[in-house]
Amino acid sequence: MKVMKAEQPAGPHVNGPSDGWVKPLSVREKLEGKQLLVTGCSGFIGKVFIGLLLDRVPEIRRIILLARPKKGKGAKERVSWLFERSPAFRHLREKHEEGLGDWLRERVLVVEGDVRYPHLGLSAFEAQNLAREIDAVIHVAGETDFEPDPIEAIAINTKGALHAQEFARMSRGKRLLHVSTAFVAGMVSGRVEERIRRGISPNGTPFDPWDELHAIESLCASLSSKAPSPHEARKQRITYVSLRARSLGWPNIYTYTKGLAEHLVAGNGDVATCLVRPSIVESAREIPFSGWNEGVNTSAPIVWLVSTMHRHLPVASQHIFDVVPVDTAARGILLALAELMGGEHAPVYHLASGDTNPFTFGRAVDLTSLARRRQYGESNNAFERWVLRHLDSVPSDTPPSEDLTLSLARAAASKVKELWSNLDIARVAPRWTNHKFGEFISKVAQQQSKQWSHLARTLAQVESMLERYQPFIFDHNYVFVTEEIRRASQRLEGEEKESLGWDVENIDWRDYWMNVQIPGLDRWSLPLLRGERVPDDPELGLGISLECWRPVEELLPHKGAHQRSFGG
Amino acid sequence: MSVQLNEEAVLEEWQKERGAFFKLEGTLHPAPAWASAAFIVGNAPLVKQRVLGLGGAWAAGAMDGLSRLGAGLARAGATGLAFRLLAGMSRDRIEVLAKDYAQEVLLPGLRQEGLRLLAQSFEEGYAPVLIAETIEPICTELIKAIEKKLGISFCGLLCNRLEFDEDDHCTGNLSDPVQGPEVAPQHLRRWAEQKGIALEKSRAYGSQRGDLVLLALVGQPCALCPDAELRRVARELGWPIVDAPSGHKWAWVHAALGEPIGRKRFGEWRQP
């Protein structure tokens, strides 16, 4: 039986010293009446986090979503459209039906901004006004491409975090939850603790994060001015910044810029900051619905390869494949947020599965093969039923960079494509054949050429992705320690434990992988890899039109004074 | 005091359940246990493992066949050899393929008469018990499907269990007690005692010579589609004999080649 003790000190360590005492935590109580600013609301994790927050913590006063205009659509239209059509909010549409628009208008506001700029892209006046209403900033926005243009990656991943912290500093709550990645651990193997050693890179090199940021920005500027073309400049920036990242122990630009952000925002005493580091985020188990996924992530190329004739997958079979379902990651963020609101937060939370419920690459390949075997058994395609069904894939324990089969397959596919596209029926076939079947054969050749070209392109894409993922799927075996999130979850009681608790240790990986992840990838991710489009949910005519946040009129100094300054 | 004890003993005996023991191999389905091992090893991830495994499984099958002809070979040895071939396979693979084997091979080929007797026994108040030489995940899947289809519930399962190492890879060994073609009387008595089942009030259905021990242990034995030896004994002892055709009699042969007959045709048994 838990005993409440009023004199128990609050702080990062809320477990009792020896008597098993745990200070209870209620997420709903901590967030009741609070106003949050959330960045990255259109991203994979961001959408599920907002969906979970709205669904499970209705006590929240208001969520203000920072979004930027894109493709001719304003922030308000973009976010309203997400609630109207995105599968990520299907559960809310099903729950509230026609009433969703009004329900959301009471809880959600949109503000047009951009994390790349100071004050999050708002004018100083707007930022100050908005910040006065905010209890915590949840910074989820990020550039998740592993090898992006460093200018973009630094602007979004590194400076974006600084801008979010600067905004949090102005806010009434002075709290920042920054969503990072567990792979900021860099090129290391073994246990990764939940801590940050400021100014020490993953390979132990001391560095000054501010100097590093300025140096890398200068390098990018210099390369941009000297390169003969913008394309060449971008290529050079990627090459040199990747080299710099590796020299400090980060495998790519993504982890380097995220890592740099952590070093810059951690330990700034005037803003209560906590870093949340999810590992590989994959298909949802429950919210918005089982199997939902978005984009092409780590497991997609592996799963795609298993569905082809490719048999030897370049993964280290015994290494941990640290997967976390996206809604479980969202629960973790919510738990960390609740502790942050109570001032009881840890500096770093890992959201990972490997230390309590490890799942290996070997097991993932085995289960994917078994899932495919079942699918092909029911296929109407004889090739799938009789050939592919019996071709199980196995881990090859060869690094992707040394795996020749993929590049050979790609070269073969390109060659076959060339043969079809260069096929001159008039030259190779007798005249009567040409006369009778010429048109038909040309059509077939055209179709075949297109198909083989597409296959070659997909193979090239998969090959490059696997090489990019090599540090995570082959070179290093990470065991992310998750003591903090488990400690926080232990503090939950009653129904909250069930609906908001961290329950990664209860995941049955076989069931998850075969019945959630594979169908999810088939439906939501693999079409993207094949160059197809994933449809949005049908239009239900809910007429969702969210409102934009506006500064209080009477506080306006004079008309035009709150012009935005995006140039900063 | 002693009178009171006797009364209690009688009362306890009277309250004991009546069981209906059904042997899977031969009685409910024509497929022998080694066919299930062949199906699983025939779908091993590596081609080499498949070829060697299938060869071993067929050798086990040959041993089984010769032992039935009275060639002096122990049939239990054939079962042990067949499951030893699964050594090194992951628990995931074995359990998923076991489920597929139950759904794709066993369920479509179940003897309708056997199912009818199962439902009838349950209705008459006998608690159904499945006895099988094959492994647990196959039996549990089968039981789940039969329970759903017939609206009954099984009271127990006596079958083999594979041993796995700490990495969840099969060692190829079966846990004790190993369920062979013949039921071990002591083990069955002990099990029935634990479950509160009175064997002398129970019934059992068998179809092979190896089931003689089981049939001899219960009060109401019955031979269902018996082989020649069991038929002869049943006639001599006056046990009832039921003859009925099997659904897909040779389906297991296909399965023993590592290839199921295809679940599409058997929609009614398909599990989600």
Side-chain angles (χ1 to χ4, degrees), chain A residues 290-291 305-306 309-313 315-321 357-382 384-397 477 507-519, chain B residues 38-54 86 88-105 107-108 137-138 140-141 144 164-170 251 254-272:
Chain A
S290 172
L305 275 181
V306 172
M309 292 191 57
H310 195 86
R311 298 203 57 239
H312 296 276
L313 296 186
V315 294
S317 55
Q318 294 301 316
H319 284 191
I320 290 173
F321 191 3
N357 187 7
F359 180 58
T360 60
F361 282 100
R363 200 171 171 206
V365 172
D366 201 24
L367 289 173
T368 309
S369 291
L370 288 165
R372 286 282 176 252
R373 185 186 167 279
R374 277 191 179 164
Q375 281 176 351
Y376 290 146
E378 294 184 359
S379 170
N380 291 323
N381 182 322
E384 288 183 349
R385 208 167 56 246
W386 295 103
V387 180
L388 287 182
R389 180 171 195 226
H390 298 287
L391 287 179
D392 282 67
S393 295
V394 286
S396 69
D397 288 315
N477 190 19
I507 296 178
D508 174 351
W509 288 119
R510 189 195 305 163
D511 178 56
Y512 174 77
W513 204 256
M514 294 184 72
N515 302 322
V516 178
Q517 172 73 349
I518 303 282
Chain B
F39 177 88
I40 294 171
V41 80
N43 285 292
L46 295 170
V47 174
K48 192 173 111 186
Q49 210 177 351
R50 284 182 198 180
V51 173
L52 290 176
L54 280 174
L86 307 187
M89 285 178 79
S90 68
R91 187 192 287 271
D92 283 327
R93 185 162 284 267
I94 289 174
E95 292 187 2
V96 169
L97 290 170
K99 193 172 174 179
D100 287 354
Y101 179 77
Q103 289 197 6
E104 297 171 11
V105 179
L107 290 172
I138 293 178
T140 45
E141 186 61 27
K144 215 163 66 183
F164 291 88
D165 63 17
E166 57 205 17
D167 292 330
D168 264 349
H169 285 97
C170 181
H254 206 192
L257 294 168
E259 177 61 41
I261 44 180
R263 63 171 71 179
K264 277 193 150 183
R265 280 184 270 165
F266 311 107
E268 60 169 331
W269 282 104
R270 221 162 125 195
Q271 296 296 303

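Chain A is the first sequence line, chain B the second, and so forth, proteins listed ahead of strands; every chain is numbered from 1.
- At least one side-chain heavy atom of A:Arg374 sits less than 4.5 Å from a side-chain heavy atom of B:Val96.
- Nearest heavy atoms, A:Val394 versus B:Pro45: CG1-CB, 3.7 Å.
- Side chains of B:Arg50 and A:Asp392 form a contact here, defined as non-hydrogen atoms less than 4.5 Å apart.
- Across B:Glu104 and A:Arg389, no two heavy atoms sit closer than the pair OE1-NH2, 3.7 Å.
- You'll find the side chain of B:Asn43 stays beyond 4.5 Å of the side chain of A:Leu370, heavy atoms only.
- Here the straight-line distance linking atom CE of B:Met89 with atom CG of A:Asp366 works out to 8.0 Å at 0.5 Å rounding.
- Using a 4.5 Å heavy-atom threshold, the side chains of B:Asp100 and A:Arg373 count as touching.
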